[in-house]
Amino acid sequence: MNVLQGLNQAQRAAVTAGRGPILVLAGPGSGKTRVLTYRIVYLVQEMQVSPWNIMAVTFTNKAAREMQQRLETALEGRLRGLTIGTFHATCARILRREAQQMVGYDADFVIFDTDDQRQVVRQALQELNLDEKKFSPNKMLAGIGAAKNELITPEQYAASNYISEVTHRVYQRYQEILLANNAMDFDDLLMNIVLLFDQRPDVLERYQQKYEHILVDEFQDTNTAQYALLKRLAAGHGNIFVVGDSDQSIYRWRGADFRNINRFRRDYPEAQMILLEQNYRSTQIILDAAKAIIRHNKDRVEKELFTERQGGARIVVHEFYNEVEEADMVVATIERLMLQGLDPGDFAVMYRTNSQSRVIEEAFLRAGLKYRLVGATRFYARREIKDLIAYLRLVHNPADSISFNRIINTPPRGIGAKTQGLLHSWAAGQGLQPAEALLRLVSDPDTQHPFAGRATAMLAGFGQMLREWLGLLRNGANAGDLLDAILQATDYRGYVDDGTEEGQDRWANVMELRGVAIEYGEVSLSEFLENVALISDVDDLEEEASAPTLLTLHAAKGLEFPAVFITGLEDGVLPHSRSLDDGEELAEERRLFYVGLTRAKDQLYLSYAFRRNLYGESAVTTPSRFLLDIPDQLLEGIGSGRSSGQRREETKRRASDWNWASPASTTAYRPGEWRPDSSYPESKSLPEPSRWTEPAGEPRQPAATQTQFRTGQKVSHAKFGEGIVIESKSTGNDEEVVVAFAGLGIKKLVASMARLEIRE
DNA sequence: GGATCTCATGTTTTT
DNA sequence: CATGAGATCC
C-alpha cells in the first residue's frame, strides 16, 4: 500500500496491526496524527472495513477537521459514513438520535456552556437558600463536574463532610434545573450516554455493532466517563486503537487521567503496545533538554526518544530585570532572527497564564510588529455573541429559562427585577417555564395575570416578538433569517454600538456571527446551535496571517515552531503557585514545560524576570526550579537557574549602567540584543557568536560579513549621546547600525556618516 | 428601572 | 491591576 511509504518501522507496525486492542505510545513529534490517519486508510483499503463501521474521536474540532481533510485526500472521498469528531460532538449526535430513550429529554435539548452552568448553580443555590458567598458557584461547579467525570450521579454522590453535603444538594437541584430546561452541560453529554448504555443494553448493542473499529487520539486526556464509554463500545469486538503520551497530559484539572493508559493495559492484557520514539521535529539538544525535564516524573513508561537531527543550537537561557524588559528582548530577538531569514510565522512566544500576554503584546506594538494571539477572549464567549445565541436558543427551545433570563431585559426594555420575579413565580404556579407563560399571555387575551399596566405592556411587547420569531422558525427560517429578525426587532445595534471603538468592535462581532450563520445556510437552527455550542472558537478564521504566535503553554500542545520562546520561568509562574504544594500538580506543571520545550524545532529561548508585577505589585522572583534540571552543556547565556545571586549582581550592574530599572527608559529604548556575552564569568564555554542565531546544521544564510560594530556594544554619538547597538549589518561597502539611545529611542545610522565612538 | 460605586477575586480551559 | 458582580443611590 502506498501510504506505508515513508513510515518508519514502529509507525508501520501500528498502522498495519491486526484486529484487537492496540496502544500506541507516541512521543512528541513522532507522527502520531499520521499514524492515526493511515490506520484508518489501512482499515478501509486493506482490511475491507466500511467507513460506516469506524469511529474516530479527538479532543478538538481542529484535530478532527485536520484528520478529516487528510483522509479525504488519502481515500479520495471514499470516507462516506465515517464517524469522526470530538467526544462531545459524537456523543451529542448519538444522544439526539436516542433522545426518545431518555427520560425527560427530547431531541431539541440544548447544550449549556460554562456561563450557563454558573447561572444554573446560582439558581440552585438560591432555591436552596444557600449563601453564594459561602458556597461559591465555581467551587460547586467544580464539585459537580468532578462527580460527572467520574460518572457519579446525584443519587450516588456520597457526602463525607459539610461542604460535600452541600455540593450534593446543589448537584441534585442543578440536574433538575437542567432537565427542566431541556439542557445538558458538556459533562452530561458524556455521562448521559454511559448511563443510557447501562440502562439499555439493546441500544448499546446497536452501537457496538455499528462501531466495529474505534480509534482515539490524545488518549492520555480521556477522563473516566470517556474511558467508560470507549470500553462499553469496544466490549464486543475489542477493536480499539488508542494513541497517546502520558508525558503530555496537561488537563488533569479538567478530569483527564493519564492513568487510563495503565487501565487500558490492565483491561486489555492482550493489547499490542507500540512505542513511537523517533522524533521528526526537534534537534538532539532540544530533545535532550526535554528528556532531562520529564525524567523527574515518577511512574512513567520510559520512552527512548531520539532524532536524526544531531546537535543543534544550544538553548539560550536569560534572566531579565522585569517582565517588560523580558518582553522587549523577546521582540528584539525575533526581529533580529527575522533579519537572518526566519519567517515571522516561525516564532512562538509561550507563557503559563493568559495575563502574561499583555506585556508581550505591548512590546510587539512598541516595535510595530504584527503578532497573532491565540485564545484570549474567545469569540463565542463575548457578551454580545452570547446574547444573540441566547435569543436563538430561546426560539429553538422556549423551555430554556437560562437563555430567557439572559435576554428578557437585554437590550433594556423596562422589564426589571421585580417584574421578572413576578413572572417567574407566576409561570412556576402554572408549571411552565417563563417564556412559555409569556407566550400564553400574548396568545390568550383572557389570561389571568398579576402584572401592572406598564409591566404588562412591556412583557406583551417582548412576548409578541418571541411569537413572531417562533412563527418564522415554523415557516422554515434558518439561523441567519432569525438573527436578522432579532437584530431588527430589538434594535440590537443601537444597544451595542455606542460609536466608541469598543462599540464598533461589538457590532463587528455581531456581523461576524451573522456571517457564520449565513454560511451555515441550509442547516437547521438546531444544528447551527449545536455547532456553535461545541465549537466555541474561530481561530481558523485568521489562520493565514504570518506573524509570531503568542499563546499559553496549554494552547501550544500539538503545534510546532522553528523558534520558541518560553517566558516567565519563575517559581510561582511556571510551576504555578497553586501547584507548589501538591506533588501531582507539580508533575503536571513539569509536563506542561515539557510540552512547551518539545514544540521547538530548531531554537529555544528560555527566560525569566528578576522582578515581576503580579496583581499590581512588583515582587522579586526565584528562577523556576525546572531550569535546574537542564544539563549545563545544553545551555548558553547567563544563568541556568544556578547561583542566581551572582547573576543578579550582573543584572543589577547592567541595570544601573543602562537605567533598565527606570520605567521611563525601559519603554523608550530597547537595550542590547539578547545574546551570550563573554563578559559574564559564569557563561560556560561559549560557542562562536553566530551559533545561537542560526538553526543547527545548515545555516539559512551565509554568515554575515564582519561588521565594525557589535550588538550590545556601548557607543556614543556627538549629538545623541550614549547608546547601545541593537543591530549592525554591512551594506555593500558601508555599515548600517541600529542604536538605542537612552531617552531618545532607536535610530538607524550609517556608520560612515555617524562617526560613532565605541565606548568599551 | 437604570447608573454608579465598592468590594472581592484572581491558573490552565480541547468541549 | 483590572474585571465583574452586588449594593446603593438617583
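Every chain is numbered from 1 and lettered A, B, ... according to where its sequence line falls, protein lines coming before strand lines.
A:S577 comes within 4.0 angstrom of nothing in the nucleic acid, heavy atoms only. At the heavy-atom level, A:Q420 lies nowhere under 4.0 Å from the strands shown. Residue contacts shown for A:R358 are limited to sugar-phosphate atoms, with no base heavy atom under 4.0 Å away. Residue A:R591 is out of contact with every strand shown, counting any heavy-atom pair closer than 4.0 Å.
One can place CD1 of A:I250 at 12 Å from C1' of B:dT11, the figure rounded to the nearest angstrom. For the pair A:L574 CG and B:dT12 P, the computed distance is 13 Å after rounding to whole Å. As a whole-Å value, the separation of A:H554 NE2 from B:dT15 P is 14 Å.
Stacking of A:W253 onto the six-membered ring of B:dT12 is present: less than 5.5 angstrom between centres, less than 30° between planes.
For the salt bridge (Lys or Arg N to Asp or Glu O under 4.0 Å) condition, the pairs that include at least one residue of residues 607-624 of chain A, sequence neighbours left out, are A:E326-A:R612, A:E570-A:R612.
Within 3.5 Å, no donor on the side chain of A:R254 pairs with an acceptor on the base of B:dT12, nor the reverse.
In this structure, of B:dT14, B:dT11, B:dT13, it is B:dT14 that holds the atom nearest to the side chain of A:D221.
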Show the distances under 3.5 angstrom between N or O atoms of the protein and N or O atoms of nucleotides 8-10 of chain B.
none

Using atom names, set out every protein N or O paired with an N or O of nucleotides 2-6 of chain B below 3.5 Å, distance rounded to 0.1 Å.
{"residue": "B:dG2", "atom": "OP2", "partner": "A:N409", "partner atom": "ND2", "Å": "3.3"}

Verdict with reasoning, A:K386 to A:D113, per salt bridge (charged side-chain N to carboxylate O under 4.0 Å, His left out): CA-CA 10 Å; A:K386 292 220 63 179; A:D113 69 11; 2.7 Å; yes
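Side-chain N or O atoms of A:N181 include one that pairs as donor or acceptor with a backbone N or O of A:I177 at under 3.5 Å. Here the side chain of A:N260 pairs no donor or acceptor atom with the backbone of A:Q220 at under 3.5 angstrom.
DNA chain B lies under 4.0 Å from at least one heavy atom of each of the following residues of residues 83-96 of chain A: A:T86, A:H88.
For A:S526, the side-chain contact (heavy atoms from CB on, under 4.5 Å) test picks out A:H396, A:S524, with sequence neighbours left out.
For the ring pair (Phe, Tyr, Trp, His ring centres under 6.0 Å) with A:F219, the qualifying choice from A:F258, A:F264, A:F87 is A:F264, the only one to do so.
Toward the 5′ end of DNA chain B lies the nearest nucleotide of A:A417, the other residue of the pair A:S579 and A:A417 mapping further downstream. Between A:E218 and A:K418, the one whose closest nucleotide on DNA chain B sits nearer the 5' end is A:K418.
Within the 4.0 Å cut-off from OP1 or OP2 of B:dG1, at least one side-chain nitrogen or oxygen of A:T419 is found.
When DNA chain C is scanned in the 5' to 3' direction for atoms under 4.0 Å from non-hydrogen atoms of chain A, the outermost contacting nucleotides are C:dC1 to C:dG6.
Scanning both residues, A:D217 and A:A63, for their nearest heavy atoms gives OD2-CB, 4.4 Å.
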